[in-house]
2 protein chains.
Amino acid sequence: MNGKEDVFQFLSNKTENVKSLREVVIESLREAIITGQFKPGDSLKERDLSKAMGISTTPIKEAFRILEHEGLIKTLPRKGTFVSELAETNIEEIQMLRGVVEGLAARLTAAKASDEQLKELEKQIEKMETLLENEEVDDLIEENTRFHKMISDAAGNSMISRVLMNISSFDKAFRRRALMENKEIKAGYSEHRKIFDAIKSRNPELSEQLLKQHILRTVTDVLKNKGV
Amino acid sequence: MNGKEDVFQFLSNKTENVKSLREVVIESLREAIITGQFKPGDSLKERDLSKAMGISTTPIKEAFRILEHEGLIKTLPRKGTFVSELAETNIEEIQMLRGVVEGLAARLTAAKASDEQLKELEKQIEKMETLLENEEVDDLIEENTRFHKMISDAAGNSMISRVLMNISSFDKAFRRRALMENKEIKAGYSEHRKIFDAIKSRNPELSEQLLKQHILRTVTDVLKNKGV
DNA sequence: ATGTGATATCTGATATATCACATAATAACA
DNA sequence: TGTTATTATGTGATATATCAGATATCACAT
């Protein structure tokens with residue numbers, strides 16, 4: 001029966017994978033704000049966006065609620081909705097924030113990850129090693145991100161996962177640039193291996209420190225290369 | 001004219017201070033979920049809540065968006081909305097998360113707070129000392145919270161403020177209990193004073209460590225007293 | 001008793017209308 | 001010309017209707 005299901009896989013069109021209008025609006029506006037197309041202080045109007053996107057104000061309104069919760073915009077009741085200052089937040093400090101939160105995740109993972117989770121992490125780090133040797137850069141970048149996510153998930157704390165997801169949606173463009181640099185790829189693997197070793201040896205303190213330092217070093221390097 | 005405005009302050013009914021239906025729903029549901037009235041897996045239905053609260057589904061729907069973004073509930077399109085597992089997240093780990101984020105805030109504050117901000121912090125810690133001497137417990141609790149908020153705000157990073165606000169809305173009940181214990185009040189002041197001194201002396205590393213340790217100690221003490 | 005198609009019901013998604021506060025523009029008056 | 005009152009407009013908040021996917025139930029054939 002399982003084989004039969006696979007045969008019809010191509011027919012699948014589950015609505016769980018289909019994006020709602022609200023999600024489309026969120027992603028569009030978030031991208032426009034973060035990349036500077038909308039600047040702090042700019043006014044966003046429900047009816048204008050509704051016309052521009054050819055949809056009703058309802059998904060626009062719902063998207064505003066989420067973006068406001070993320071701090072990217074601010075709504076004053078019956079006065080207007082404006083892009084907030086958050087979009088100009090210091091990217092280095094965002095990475096420091098990410099560093100301390102992922103560091104804590106590494107600590108918790110070292111303290112309580114199951115043997116199975118450790119095995120999965122080991123498989124992952126080995127996969128990354130193979131990709132590094134074969135110089136398959138695009139795949140390595142993707143697996144690096146997965147490695148970080150696996151650590152965060154293994155911490156088993158939904159609030160930590162949520163905070164990191166919010167940070168991630170904010171600095172996606174930055175992190176991709178960081179990982180693309182060739183030097184980063186090699187140094188990054190070396191650090192990832194040390195992080196995994198610390199987790200495997202059940203050393204919470206060291207795990208936290210290594211992951212914090214790893215993230216803070218990548219931001220320092222990227223900013224150096226930018227001439228900032 | 002300014003004096004006149006103050007005289008009539010009690011008449012003020014500015015809509016900026018009036019809670020929207022959406023905000024009322026958010027707070028009601030969040031409280032019900034966090035305190036266990038709604039349990040993970042429970043179904044929340046827009047039309048049921050609409051009838052129960054005597055309002056339309058629109059503010060219910062918007063509240064759902066926010067609570068989902070906070071991770072407290074999960075909506076499956078056209079299937080239903082359910083209370084998530086987040087509400088059962090380990091409270092100690094939440095406090096550890098708060099510790100690392102507030103610690104980072106203290107570090108940034110020590111690094112870049114203006115002289116004026118330092119003066120404000122000094123006024124605040126002195127106010128807290130007076131309240132401690134006079135044993136005005138309720139006011140001291142409130143000023144302690146304000147002290148933490150001043151440090152976070154002085155860090156000048158909107159994302160950090162936002163993360164802490166989300167954590168705060170989640171563990172408000174816990175923190176109030178922590179601060180109410182008499183022992184905590186005295187130990188808490190001592191630690192607050194050390195934190196301020198570290199910030200004042202522009203020592204980012206020490207500031208971060210002290211604030212982290214302060215928060216982690218309070219959670220350890222509270223859990224000890226709970227017999228957990 | 002079981003399988004299948006048709007129908008009904010449930011639930012969130014979205015569209016549209018209306019309300020209500022805030023501000024701008026215009027008219028009236030001194 | 002300046003001030004005040006009135007009206008119009010703009011914007012978000014909320015109510016209500018309808019759509020559309022998902023599931024449950026019913027009716028009928030085998």
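Note on naming: letters A, B, ... go to the chains in the order of the sequence lines (proteins, then strands), and numbering restarts at 1 for each one.
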(request) Please confirm whether the backbone N or O of Ala110(B) pairs with a side-chain atom of Ser207(B), one donor and one acceptor, at under 3.5 Å? (result) no
(request) Would you confirm whether Ser84(A), through its side chain, and Lys74(A), through its main-chain N or O, come within 3.5 Å as a donor-acceptor pair? (result) no
(message) Please enumerate all residues that pass ring pair (Phe, Tyr, Trp, His ring centres under 6.0 Å) together with His148(A), with sequence neighbours excluded.
(response) His192(A), His214(A)
What's the [atom1]-[atom2] distance between [X] and [N], to the nearest Å?
{"X": "Leu44(A)", "N": "dG10(D)", "atom1": "CG", "atom2": "C1'", "answer": "16 Å"}
{"X": "Glu23(B)", "N": "dA13(D)", "atom1": "CD", "atom2": "P", "answer": "9 Å"}
{"X": "Lys74(B)", "N": "dT11(C)", "atom1": "NZ", "atom2": "P", "answer": "19 Å"}
{"X": "Glu46(A)", "N": "dT9(D)", "atom1": "CD", "atom2": "C1'", "answer": "17 Å"}
{"X": "Leu76(A)", "N": "dA22(C)", "atom1": "CG", "atom2": "C1'", "answer": "11 Å"}
{"X": "Lys45(A)", "N": "dT23(C)", "atom1": "NZ", "atom2": "P", "answer": "14 Å"}

(request) Can you sort out the partners of Glu27(A) under salt bridge (Lys or Arg N to Asp or Glu O under 4.0 Å), two or more places apart, ordered by chain and number? (result) Lys19(A)
(message) Please enumerate all residues that pass salt bridge (Lys or Arg N to Asp or Glu O under 4.0 Å) together with Lys45(B), with sequence neighbours excluded.
(response) none
Do any N or O atoms of the protein come closer than 3.5 Å to N or O atoms of nucleotides 14-18 of chain C, and which pairs are they?
unit_1  : atom_1 : unit_2   : atom_2 : d
dT14(C) : OP1    : Leu21(A) : N      : 2.9
dA15(C) : OP2    : Ser56(A) : N      : 2.6
dA15(C) : OP2    : Ser56(A) : OG     : 2.3
dA15(C) : O5'    : Ser56(A) : OG     : 3.3
dA15(C) : N7     : Thr58(A) : OG1    : 2.8

(message) Using the rule given for side-chain hydrogen bond (donor to acceptor under 3.5 Å, both in side chains), can you reason through Glu142(B) versus Thr145(B), listing the C-alpha separation, both sets of side-chain angles and the distance that settles it, and then say yes or no?
(response) CA-CA 5 Å; Glu142(B) 194 169 320; Thr145(B) 301; over 6 Å; no
(request) Identify which one of Ile66(A), Val83(A), Leu67(A), Ile26(A) satisfies the side chain to side chain contact (heavy atoms under 4.5 Å, CB included) criterion when paired with Leu72(A). (result) Leu67(A)
(message) Please tell me if Lys79(A) has a side-chain N or O lying less than 4.0 Å from either OP1 or OP2 of dA22(C).
(response) no
(message) Taking side chain to side chain donor-acceptor pair (under 3.5 Å) as the cut-off, I'd like each qualifying pair that reaches into residues 50-59 of chain B, sequence neighbours left out, listed once.
(response) none
(request) Kindly express the pairing pattern of DNA chain D in dot-bracket notation, using | wherever a base pairs with another strand and counting only Watson-Crick or G-U pairs under 3.5 Å. (result) ||||||||||||||||||||||||||||||
